[in-house]
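Contents: one structure, followed by commentary.
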Amino acid sequence: DTEVTQTPKHLVMGMTNKKSLKCEQHMGHRAMYWYKQKAKKPPELMFVYSYEKLSINESVPSRFSPECPNSSLLNLHLHALQPEDSALYLCASSLSGSSYNEQFFGPGTRLTVL
Amino acid sequence: AQKVTQAQTEISVVEKEDVTLDCVYETRDTTYYLFWYKQPPSGELVFLIRRNSFDEQNEISGRYSWNFQKSTSSFNFTITASQVVDSAVYFCALSEAKGGSQGNLIFGKGTKLSVKP
């Protein structure tokens with residue numbers, strides 16, 4: 001299984017809602033990533049989990065809260081988002097998080113904040 | 001400072017033409033890794049190739065080839081006999097071995113390739 005899956009594919013939420021994005025991989029990878037991608041821009045790194053511990057948090061607002069329940073799962077909890085948070089949220093995984101490991105990406109969740 | 005520059009924002013070609021996507025990078029590390037990813041309209045980034053800084057051999061995979069030149073800090077990507085299915089945004093990315101940024105991918109802004117029938 002060489003897939004990274006993400007649910008939901010699309011999400012529309014109001015600014016007062018609480019929702020979660022989910023990501024799963026069964027490749028035995030020990031590093032998982034959240035990226036945010038705005039239209040016509042490259043992906044921007046948000047968080048990195050390495051061996052189930054948060055290793056990088058790229059100064060992301062606290063309305064985004066990551067969680068790594070186990071080595072195969074990664075969640076992104078959303079609360080009190082702003083319309084400018086509307087974007088494609090991509091999850092990725094890599095073997096160990098080392099700089100030479102390629103990252104495998106999921107199809108993303110297209111988030112719209114009203 | 002680390003940086004990846006893809007100067008071509010958009011390229012449009014007709015099917016069967018060859019096309020080269022340019023990538024220039026900046027890094028102070030002596031050990032680093034370069035990647036190319038393809039992002040079709042569906043949104044998922046697809047890994048195409050990794051090249052490490054010690055290996056300047058060019059690589060060919062079917063219609064795809066990559067030219068890595070450390071002297072010019074470039075890692076260019078050529079598609080031979082392009083097809084409509086090659087239409088996508090292509091990202092070049094850099095990953096450094098040191099400096100607390102291990103595993104971080106530094107992306108270029110991407111080149112949108114449109115292949116017309």
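Residue numbers begin at 1 in each chain, while the letters A, B, ... track the order of the sequences.
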Common cluster, A:Tyr49/A:Leu73, ILVMFWY with side-chain heavy-atom separation under 4.5 Å:
no
Greater than 12 external heavy atoms within 6.0 Å of B:Ile60's CD1:
no
Heavy-atom distance under 4.5 Å to chain B: side chain of A:Gln6, backbone, both or neither?
neither
CZ (B:Phe107) and NZ (A:Lys41) are apart, to the nearest 0.5 Å, by 15.0 Å
Heavy-atom proximity to chain B below 4.5 Å, by part of A:Glu44:
neither
Hydrophobic clustering (ILVMFWY, side-chain heavy atoms < 4.5 Å, transitive) - are A:Leu88 and A:Val113 grouped together?
no
Indicate, with yes or no, if A:Met32 and A:Tyr89 share a hydrophobic cluster defined by side-chain heavy-atom contacts under 4.5 Å among Ile, Leu, Val, Met, Phe, Trp and Tyr.
yes
Residues, nucleotides or ligands: over 12 heavy atoms within 6.0 Å of B:Lys16 NZ:
no
Atom CD of B:Gln57: over 12 foreign heavy atoms under 6.0 Å:
no
Among residues 30-50 of chain B, those lying within the under-4.5 Å heavy-atom range of chain A are B:Tyr33, B:Phe35, B:Tyr37, B:Gln39, B:Pro41, B:Ser42, B:Gly43, B:Glu44, B:Leu45, B:Phe47, B:Arg50
Could you pull out the closest heavy-atom pair between A:Ser99 and B:Ser95, with the gap in Å?
O-OG, 2.9 Å
Kindly work out whether a path of hydrophobic side-chain contacts (I/L/V/M/F/W/Y, heavy atoms less than 4.5 Å apart) joins B:Ile106 to B:Phe77.
yes
Are side-chain heavy atoms of B:Asn104 and A:Glu58 found at a separation under 4.5 Å?
yes
Counting only heavy atoms from other residues, nucleotides and ligands, does the tally under 6.0 Å from NZ of A:Lys38 exceed 12?
yes
Examine A:Leu81 and A:Leu90 and state if one hydrophobic cluster contains both, with Ile, Leu, Val, Met, Phe, Trp and Tyr joined whenever side-chain heavy atoms are less than 4.5 Å apart.
no
Selection from A:Pro43, A:Gly106, A:Ser55 maximising heavy-atom pairs under 4.5 Å formed with chain B
A:Pro43
